Amino acid sequence: MITLEQLLSQLNEHQREAVAYNAGPSLVIAGAGSGKTRVLTYKIAYLLLSGYHPSTILALTFTNKAAREMKRRIADLVGADKAKWLWMGTFHSIFSRMLRSEAERIGFTPQFTVYDSSDSRNVLKAIIKEMQLDDKVYKPAMIQGRISYAKNNLITASAYESHGNLLKSDSDARIPMLSNIYSTYAKQCRQANAMDFDDMLLYTNILLRDFPEVLEGFRQRFQFILVDEYQDTNLAQHIIVKRLAEIHQRIAVVGDDAQSIYSFRGANIDNILQFKVQFPTSKMFKLEQNYRSTQNIVAAANSLIKKNKGQIQKNVFSEKDEGNRIQLLTAMTDTEEGYLVAKEISDLYYQEHHPYSDFAILYRTNAQSRNFEEALRKRNIPYRIYGGLSFYQRKEIRDVLAYFRLIVNPLDGEALKRCINYPTRGIGETTMTKVSECANQNQVSLWSVIGDPVFFQLPVNRPTATKLTHFYAMIRALSDDATTLDAYEMAVKIIKTVGISEDMTEDMSAENISRRENIQELVSGIHTFCEQKVNEGETQIGLADFLSEVSLLSDQDLDAEGPDDKLTLMTIHAAKGLEFRNVFIVGMEEELFPSGYVSSERELEEERRLFYVALTRAEERCFISYARSRFRNGQLNFTNPSRFLSDIDQNLLDLPADFRQAMSVSSFMPNKREEEVFEKKISNEESDAPIKTTQRFTSSSWKKVASSSSQMTNTSATSIQSGGGVAVGNKVFHEKFGQGIVVSLEQMDGNWKANVDFGSNGSRALLLKYAKLVILE
DNA sequence: AATCCACTTGTTTTT
DNA sequence: CAAGTGGATT
């Protein structure tokens, strides 16, 4: 047990002020590595020591891991007996708890299923098919994205139907039926007693909006509210937090606007930038001392993020050693990139005796992991990959979980389809289509139809009807068992009863063995889960208890922090909040990082923040690598180094000898000219067909592309204004004419022609093939 | 109904 | 390169 004085003495001045301030709302802007988690945990400990009961404190985090970690640290400070009463968890897990306790009010049961994104995509696919729409136009993933966006902005299906602007923009985008799809989707989810991730936020809002007594109850209960990573909250989350804190105004949020990287998921950076507006009496605290990284790394990150505008002004500094400069590794191919990185790691491991767990390889996309895996394997370097296909997304695991879901919630249509299909029992697509149609016509669930095909006049023959009722009876019997057995016993029973174990032991193929192992892992996971809950004093841990937690878990949460010494491979997104002694940021190429999908200044700035997050993960050493060519979709692409490299103060970079040359064929988009560029892009679209970067590899293409270097795809924002290695807006130098600005670019017979304004020397049209322009900036 | 094969297709990040 | 689709086969 610790006293208040001791607690505060372990903090620096600014941290202490932030922790001790309790007189009103507060916003803590915590620069990278400045002890953000420390402030949050100490603040909670401070509140507990000042007399708040733990069950009156609500702390919302972004990941389960962060919540667990924080809880553990609070337990160390004030004791586990207190810490365990805290309401601490992710938005989704806390809201799940709230929704389950009040489910009936909004037309669900406490056993509602959580549809993951592939469940919800499947539902959407079926709806699109049912409505006889073209799935090339109504792309499920895109529809899903728009619905998600609507929900995150608290636009319900019925609000959408009467939202003029949205309907107009949909009809302009040639997808006028989107609103109908949304409505049908919402209706079907409701009928299935299921919510998707976004629904959990949406329905929590509805619950708090429409049921004043519920809102009042939660306001009473949560006397103090803390939110981590506030820069990544979306409108739905923001409004919930605001509602809960509205009366007592005891709220503290922590975040860093420079690390906002989830706008694709609806996060709105304005939530943190506008906090003062939302909570006018709030006080802002800034944490600017970085305890994580060397001075060089901090300086590099600062120089990068300076290129973004509209940030909260701060001066992040480090008092650690100056450290090494950031080292750039240049490879000819993506395979070589893997080799170089692995070699560097090997060298550090043997020369400096850093354990492998001190290393991380961070990339923009999961698909990039392959080359590194191979290179690491060749050197026998142990590694652990995070992300990608998670444990819970494996087919066999999803199959088993589908049975759990169906037993807990028979209305869960997606689970039912999955179960009925595996193990195979002679019920196929045609039958299920009929069942779906029949269910739709009678406005009942698939489950009801299967239970009594005759009553619903399902047009199937006798043997098929029997198969259906058999299946129904089997699930019913298991549901009965579920009233007395715990989750672990049920899991074992289900796997035996439904024929999964039989199917898996049929042959000893490698796949079957691996599947069996995975299922075994799941079962023992459930066992551990039950034991843990019993230890915490709970009784009767049923399947529902297990499911409600597991559906909100990602694979990162499951990783047993084993004693083994392994290197980490993950996306930069997944690395947020983590730190490593040595960090490798790989694939620093145009089209990849920044992603080829960026189409606005705002998105480009988010990519830059992502790079900022990557850099600031490093404690001691940071390496950046890129390849000049890379396989993508089975095709060889030639690539240019990322523009972000030139955003970093060049004095802090260790450049390879050939780097200047490589940069000179790269294209850099000057930020301030961007709007012009996009206007130009639109006007040029038909006339100016850009050369495709993607081409089959032939012996001559390397040379050809390297010299003309018109390597942008036509989807790229940079495609029009860049060519021959220069970009519109570039300041260039010409031997004869001196300095000038590139005004426009066009293509003539495959050669790039640039109009350059040389000021007093006039404007000139130059063929880049002949003119030797040097890019100045 | 289920399986297999050849073809197309399309690709960020995730609670 | 991969996953997912559509068609033919058993």
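Within every chain, numbering begins at 1; the chains are lettered A, B, ... in the order of the sequence lines, protein sequences first and strands thereafter. What you are looking at is a predicted structure, and each value in this text was computed from that prediction instead of being measured.
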Taking C:dG4 as the reference, what is the distance to B:dT13 when you measure between their P atoms (whole Å, please)? 15 Å
Nearest of [options] to any side-chain atom of [X]?
| X | options | result |
| --- | --- | --- |
| A:Thr63 | B:dT14, B:dT12, B:dT15 | B:dT15 |
| A:Lys125 | C:dT5, B:dT3, B:dT14 | C:dT5 |
| A:Thr424 | B:dA2, B:dT15, B:dT14 | B:dA2 |

Is the aromatic ring centre of A:Tyr262 closer than 5.5 Å to the centre of the six-membered base ring of B:dT14, with the two planes inclined by less than 30°? no
Between [X] ([atom1]) and [N] ([atom2]), how many Å, whole number?
| X | N | atom1 | atom2 | result |
| --- | --- | --- | --- | --- |
| A:Tyr115 | B:dT14 | OH | P | 24 Å |
| A:Asn421 | B:dT3 | CG | P | 9 Å |
| A:Phe95 | B:dT15 | CZ | P | 16 Å |

Ignoring backbone atoms, test whether [X] places a side-chain nitrogen or oxygen under 4.0 Å from the OP1 or OP2 oxygen of [N].
| X | N | result |
| --- | --- | --- |
| A:Asn366 | B:dT14 | yes |
| A:Ser595 | B:dT13 | no |
| A:Arg370 | C:dA2 | yes |

A:Glu502 CD: over 12 foreign heavy atoms closer than 6.0 Å: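 Check fails, neighbour count at 12 or below.
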Contact nearer the 5' end of DNA chain B, comparing A:Thr365 with A:Leu552: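 Its nucleotide being nearer the 5' end, the pick is A:Thr365.
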